[in-house]
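Input: one structure, supplied below.
Predicted model only: the values in this text are computed from it and were never measured. Residue numbers start from 1 in every chain, and the chains themselves are labelled A, B, ... in the order their sequence lines are given, proteins ahead of strands.
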Number of protein chains: 2
Amino acid sequence: MHPLAEKVLQGDVRATGRLLRDIDDRVGSWLDALSDLHPYTGKAYVIGITGNPGAGKSTLTDQLVSHYRRAGQRVAVIAVDPTSPYSGGAILGDRIRMQRHALDTGVFIRSIATRGQLGGISRSTADSVRILDAWGAGVILVETVGVGQDELEVARLAHTTVVVMAPGMGDEVQAIKAGILEVADVFCVNKADRDGAHSRGHGAGMLDLARETLRAKENEWLVPIVKSIASRGEGIGQLAEAVEKHKTWQQQSPVGLARQQMRAQGELDVVFRDLLIEAARHDLATEINAATHDVYERRATPYQAAQKLIAIFRGNPAR
Amino acid sequence: MHPLAEKVLQGDVRATGRLLRDIDDRVGSWLDALSDLHPYTGKAYVIGITGNPGAGKSTLTDQLVSHYRRAGQRVAVIAVDPTSPYSGGAILGDRIRMQRHALDTGVFIRSIATRGQLGGISRSTADSVRILDAWGAGVILVETVGVGQDELEVARLAHTTVVVMAPGMGDEVQAIKAGILEVADVFCVNKADRDGAHSRGHGAGMLDLARETLRAKENEWLVPIVKSIASRGEGIGQLAEAVEKHKTWQQQSPVGLARQQMRAQGELDVVFRDLLIEAARHDLATEINAATHDVYERRATPYQAAQKLIAIFRGNPAR
């Protein structure tokens, strides 16, 4: 077994961090380590926490960490959200609050840069989930901003996705447009920290909206609505309970089982797509340079150039 | 020549809309139409307008449309931003304001859904740029939310990217994390519409930040800072002037020329990546199903399954 993989299985936090970096940077025998750990994965429960900036996702995540720690579980946090204090994008107060988990060796915090990775963020997140699963996390909390294709793809890698909204912030319209509602397994209406900041509305419109969604999903899972005030720790138990119910439902219902298959499909798709592009870019570096020049000089359309490259990649350049 | 392509060249708005939908849906001989139009493209100037929700991007875009119309140019707007009134995510006031361009046949407005497209949003945007260029747009304004990989990729397809920020909204920290600053060719500090909403700060911190960026770019392009109050039409002329200067600089400086080559590279990359994945998914549908099952049953890791699929795609399944 890969030496780092062995240490990960022993719950070594430093080795786990090291392996995660190696995977992101494609350094050393990272793929062997991943393969070695595979038989030890599949135990962690992955909870997606998504929603617009300002909805209070990080505070909620923080409270959930405490909740699952009290229940004796190892907990990992993966922050894909650039506005999350876990990822560094926070005001000082948030940062200090997060410190309370910093010395707890039963908590692993990992932030994923939303750009500049070699692979996409979906794959980086999926790899992190696998490693932290092997490290021994019982629960993995994945925090994302609820916009963009990448973020929705990440949400789809979770067993249960919690969509967090603050009432009266106009989140509703944006949520519909961004398709957040479709990925919701649990709604959490969270009162944000700052007093009076979102006094109007009280979330009535959003609840109506949620009920519309419930109707559409009638024969499947009834998306529960949990109210919380994360800054005061209120509603956290109910939220964890709603997640637990969704977990049980998935294990028992045919629709829930189908969703687990969808999850496997998502896992494969993310890796397949990334490796395919990496292989093509690597093997065709010269041809891609020439094709770029053709496009720049307007001798070929991007479509013509791309089709030629694909034919070469498939070993059939005469096509 | 493809009949729709012919009508596009005549400036027909309906035919142009029809062809754009055909391309998104991969209906009919869309690829032939794109190829036919290629010789007539390369004339439009593409301006990216990016920034966080609430910075006033849509109002600014609206004012720029009027500005370029007054200068006698045909103008196209491509809204990739789910919060943009052009894309439907707006409060009533915004919608009504936008109407003033609705009857102008010299303005074409196109919104790109941020998900649910067959291809990625980058490719859909790039295709729209090509078609609207052939339609006769002198200026194409592409509005995006400044977060996520897709959005940054879209920004890179522009000739000039304007990053819009509202002072005192804490946009600075988020901008750094999301990498918006790196794509900025012009900063626009825009006072948002709602009175008093962003009274504190006055953008001083942001301007400091901007100057940091300027220093880093010393030998290249000095990113100018333009102040505007878009809701009152103030600063629009200066903004257009800053864009014009950036255009001239690109035509004269070696760095600017290199950037145009980067743009061609981006155009090719987006199409190549999309077509490659489409071809693989299409040709390997059966094999992908089987591989998904293997991953679900934990008989293979996603990496093992993906590598096997790639080998088959390359006509070398024994590898």
B:Asp283 and A:Arg314: side chain to side chain contact (heavy atoms under 4.5 Å, CB included), yes or no, with the steps? CA-CA 12 Å; B:Asp283 294 6; A:Arg314 303 192 68 171; 2.6 Å; yes

Heavy-atom cut-off 4.5 Å, strictly under: side chain, backbone, both or neither for A:Ile288 against chain B?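 Looking at A:Ile288, backbone and side chain both touch chain B.
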
When the 4.5 angstrom heavy-atom criterion is applied to B:Arg263 and chain A, the contacting part is neither

Note, B:Asn289 side chain near A:Gln265 side chain (heavy atom, < 4.5 Å): no

Identify the heavy atoms of A:Leu275 and B:Ala306 that sit nearest to each other, and give their distance.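 Distance-wise, the nearest heavy atoms are CD1-CB, 4.0 Å.
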
For the residue pair B:Glu278 and A:Ile310, establish whether any side-chain heavy-atom pair is separated by less than 4.5 Å. no

Min side-chain heavy-atom separation B:Leu31-A:Gln307 under 4.5 Å: yes

Are there more than 12 heavy atoms of other residues, nucleotides or ligands under 6.0 Å from atom OH of A:Tyr40?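 For A:Tyr40, atom OH is not crowded (no more than 12 foreign heavy atoms under 6.0 Å).
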
Distance-only side-chain donor-acceptor flag, A:Asp274 / B:Tyr303, under 3.5 Å: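 No, no side-chain donor-acceptor contact under 3.5 Å.
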
Between A:Ala305 and B:Leu268, which heavy-atom pair has the shortest distance, and what is it? CB-CD1, 3.6 Å

Between B:Leu276 and A:Arg273, is there a side-chain heavy-atom distance shorter than 4.5 Å?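 With C-beta onward as the side chain, the pair stays apart.
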
Answer with side chain, backbone, both or neither: which region of A:Leu37 has an atom nearer than 4.5 Å to a non-hydrogen atom of chain B? neither

Count the heavy atoms of every other residue, nucleotide or ligand shown that sit under 6.0 Å from CE of B:Met1, and state whether that count exceeds 12. yes

What option among B:Leu34, B:Asp127, B:Val270 has the most heavy-atom pairs under 4.5 Å with chain A?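 Option with the greatest count: B:Asp127.
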
When you compare the side chains of A:Arg298 and B:Thr41, does any donor N or O come within less than 3.5 Å of an acceptor on the partner?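 Distance-only check passes for A:Arg298 and B:Thr41.
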
Please state whether the side chain, the backbone, both or neither of A:Ala300 comes within less than 4.5 Å of a heavy atom of chain B. backbone

Just so I know, are the side chains of A:Thr292 and B:Gln261 near enough to count as touching, which here means a heavy-atom distance under 4.5 Å?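 No, their side chains stay 4.5 Å or more apart.
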
Heavy atoms, side chains only, cut-off 4.5 Å: are A:Thr301 and B:Val271 in contact? no

What part of A:Asp294 is in contact with chain B, defined as an atom under 4.5 angstrom from a non-hydrogen atom: side chain, backbone, both or neither? neither

Please state whether the side chain, the backbone, both or neither of A:Glu297 comes within less than 4.5 Å of a heavy atom of chain B. neither

